[in-house]
Amino acid sequence: MRAVLIALSCSLVGVSLTGCGLTGRGNSAPPQTVAELPPLGAAEDVQDSEVRAPITGTCGMEDLQHYVGQPRVNVPRGAMPDTYRVVGPNSVVTMDYRPDRLTIRVNESDVVESMACG
C-alpha cells in the first residue's frame, strides 16, 4: 500500500511540473528584432497579369470569388456546395480542415470578405 502511495505521489509531482512548462514562461526565446530578420527580396512587377490566390480543396470556391465584397445575401444558395458555413467576426468555429466545405467569412455588415475551402 505504501509503495502505491509513493508511486501516486511521484506521478502527481511529475504532472504538476510538466504543467508548469506549458505556461509559455521560462525557456522561450526572445522575439527577433527587425535587424535580425533576413532582408526581403526585390518586389516583382506583375504589370497587367492576373494575380489569383492559390486554390485548394474541392468546394468550388473559385466560381464564387466574384461575390467577395458583396452582401452575403447576393450569393445564390444554388451556387454553393452542399457543405458550407458562414463565419462572422465573433463566430466560434472548429479548426478542422474539410476540403469539400466552403467557408464564407463576412464582416459586421454581413458583407463577404473571403471564400475559401476548409
Under the side-chain contact (heavy atoms from CB on, under 4.5 Å) test, which residues partner Pro76, sequence neighbours left out?
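Pro76 satisfies side-chain contact (heavy atoms from CB on, under 4.5 Å) with Tyr67, Ala79 once adjacent residues are dropped.
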
Asp100: partners by side-chain contact (heavy atoms from CB on, under 4.5 Å), with sequence neighbours left out:
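Once residues adjacent in sequence are excluded, the partners of Asp100 under the side-chain contact (heavy atoms from CB on, under 4.5 Å) criterion are Thr58, Thr83, Arg98.
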
Show the atom names and distances, to 0.1 Å, of all donor-acceptor pairs under 3.5 Å that link a side chain in residues 109-118 to residues at least two apart or in another chain.
residue: Asp110; atom: OD1; partner: Arg72; partner atom: NE; Å: 3.0
residue: Asp110; atom: OD2; partner: Arg72; partner atom: NE; Å: 3.3
residue: Asp110; atom: OD2; partner: Arg72; partner atom: NH2; Å: 3.2

Could you list the residues that satisfy side chain to side chain donor-acceptor pair (under 3.5 Å) with Gln70, not counting sequence neighbours?
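Asn74.
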
For Asn107, all residues meeting side chain to side chain donor-acceptor pair (under 3.5 Å), sequence neighbours excluded:
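Once residues adjacent in sequence are excluded, Asn107 has no partner under the side chain to side chain donor-acceptor pair (under 3.5 Å) criterion.
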
Pairs meeting criterion side chain to side chain donor-acceptor pair (under 3.5 Å) with involvement of residues 84-95, two or more places apart
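For residues 84-95: Arg85-Thr103, Thr94-Asp96.
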
ILVMFWY cluster membership beyond Met95 - transitive side-chain contacts under 4.5 angstrom:
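Met95 clusters with nothing; isolated.
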
Quick one: name the residues clustered hydrophobically with Val93, using the 4.5 Å side-chain heavy-atom rule over I, L, V, M, F, W, Y, and just say none if it's on its own.
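Besides Val93, the hydrophobic cluster comprises Val87, listed by chain and residue number.
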
